[in-house]
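Inspection log for the structure reproduced underneath, given as structure tokens.
A quick note: this is a predicted structure, and the numbers were derived from the prediction, not measured. Every number for a ligand or one of its atoms is a count from 1 in the order of the listing.
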Amino acid sequence: MSVRNVMILGSGPAGLTAALYTARANLKPLVVEGYEPGGQLTLTTEVENFPGFPDGIMGPDLMEAMRNQAARFGAEYVSGNASKVDLSSRPFTVTVDGGQTYQTKAIIVATGASAKWLGLENEQKLVGRGVSSCATCDGFFFRDKDLAVVGGGDSAMEEATFLTKFARRVTIVHRRDELRASKVMQDRAFQNEKIDFLWNKQVVDVHGVDEGQVTGLRLKDTVTGEESDFACDGLFLAIGHRPNTEIFKGQLSLDDVGYIQAIDRTHTNVPGVFVAGDVQDLLYRQAITAAGSGCMAAMDCEKWLEAEEA
Ligand code: NAP
């Protein structure tokens, strides 16, 4: 089996920027695209905060452009998910979808993080039609609308507070009567006149599939079990993200939530394995920061390969 120079796991902004840089360094990277080729941006509509697009760009179009740009310099793609990696000996082995295996001298992990969803059928049908997991991405489209934010952590407080810049009212729907968010974030939300709270409520359905746009929620009281309807134009989920690191457990150093811990810039605890994007970033989680870290990982990887072969 031929041994690749570098494989990139993930095809969001981090993975595709790493692909572009390693391709231009003549390393002929192989990108394993993952379950969601293009990553989380393919789930959004218009992206207005990626520099260079004064009129905005649709998320899927931006990702296709990044993919084509890296391909132009020789990046190759394999569809499917990296289902197994063996980092215990070099060259490393990567298995895609439990079948095809590849060997590679270096790996850039850019498998991202996935927003947690409630898991409701109509929620998924209305993603991009009023249901969103990213206020920074989609808040702007809800000027003077009534919105619901689900969650009781820092993300929910932050997203709700951010959404009040646009929305008429924002209602935080939380399944308990106590927030998990830090005191300072709670206070900011409590003091915001545009924010209301609905306590002890679980969203059990999302209305609006027939209309093609969210029209409201079906709520269940977690104490009494009573159900009620709540009218709103948008639903923002802020119930956490899950880093896509299952296959690295026991091999790469992860923090207690599961994010990969870089030990020096983009180097991980395994020499030859680099990390970029949301899979190591709990804080910024932006396309542009992911792209920047993909560039850094590619440059670190290139230097490491050079030193290995010297
Ligand atoms: P989080 O702290 O895990 O909070 C998730 C919230 O969603 C919890 O209130 C939880 O309810 C609720 N939840 C989870 N699953 C749910 C479900 N199926 N249905 C309804 N509600 C559900 O996540 P996060 O807010 O994204 O924060 C993650 C980490 O990032 C935290 O460490 C946070 O401090 C940090 N963060 C920091 C900032 C900042 O400092 N600016 C901003 C954002 C995030 P329960 O409380 O009942 O479990």
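Between E246 and K84 no salt bridge is recorded (no basic side-chain N to carboxylate O distance below 4.0 Å). Looking at R129 and E211, no side-chain N of the basic residue comes within less than 4.0 Å of a carboxylate O on the acidic one, giving no salt bridge. The pair R188-E158 does not count as a salt bridge, with every side-chain nitrogen at least 4.0 angstrom from each carboxylate oxygen.
Here M185 has side-chain heavy atoms under 4.0 Å from ligand 1, and that is the only part of it that gets that close. Within the 4.0 Å heavy-atom criterion, neither part of L179 lies near ligand 1.
Proximity of the aromatic rings of F197 and F190 is defined here by a centroid distance below 6.0 angstrom, and this criterion is met. F141 has its ring centre no less than 6.0 Å from the ring centre of F166.
Those atoms of ligand 1 that come under 4.0 Å of a heavy atom in H174, given as number and element, are 9 (O), 11 (O), 45 (P), 46 (O), 47 (O). Which parts of ligand 1 touch G240 is read off a 4.0 Å heavy-atom cut-off, strictly below it: atoms 23 (O), 26 (O). Atom numbering of ligand 1 starts at 1 in the shown order; those under 4.0 Å from a heavy atom of Q202 are 19 (N), 20 (C). Against a heavy-atom cut-off of under 4.0 Å, G151 is close to the following atoms of ligand 1: 7 (O).
The single protein non-hydrogen atom nearest to atom 8 (C) of ligand 1 is R180 NE, 3.6 Å, given as residue, atom name and distance. Looking at atom 22 (C) of ligand 1, its nearest protein heavy atom turns out to be I239 CG2, 3.4 Å. For atom 32 (O) of ligand 1, the closest non-hydrogen atom of the protein is L282 CD2, 4.6 Å.
Per-atom contact check: atom 48 (O) of ligand 1 touches the protein, criterion being a heavy-atom distance below 4.0 Å.
Between G152 and ligand 1, at least one N/O pair is under 3.5 Å apart. Remark: ligand 1 and R175 share an N or O pair separated by less than 3.5 Å (distance only, no angle test). Checked against a 3.5 angstrom limit, the closest N/O atoms of D154 and ligand 1 fall inside it.
Considering D196, D144, D146 in turn, D146 is the only one that fulfils the salt bridge (Lys or Arg N to Asp or Glu O under 4.0 Å) rule with R168.
For the pair Q286 (side chain) and Y284 (backbone), a donor-acceptor distance under 3.5 Å is present.
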Working note: Y102 + F92, criterion ring-ring contact (aromatic ring centres under 6.0 Å, His included); need CA distance, chi angles, decisive distance, verdict. CA-CA 8 Å; Y102 300 85; F92 305 124; over 10 Å; no
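Considering each of S155, A115, G119, G153, the one bringing a non-hydrogen atom nearest atom 27 (O) of ligand 1 is S155. For atom 41 (N) of ligand 1, the candidate residues are M157, R176, E158; the nearest heavy-atom contact is made by E158.
Side-chain atoms of N81 and S83 form no donor-acceptor pair, as typed in the model, at a separation below 3.5 Å. Using a 3.5 Å distance cut-off with no hydrogens or angles, the side chains of H241 and D278 do not pair a donor with an acceptor.
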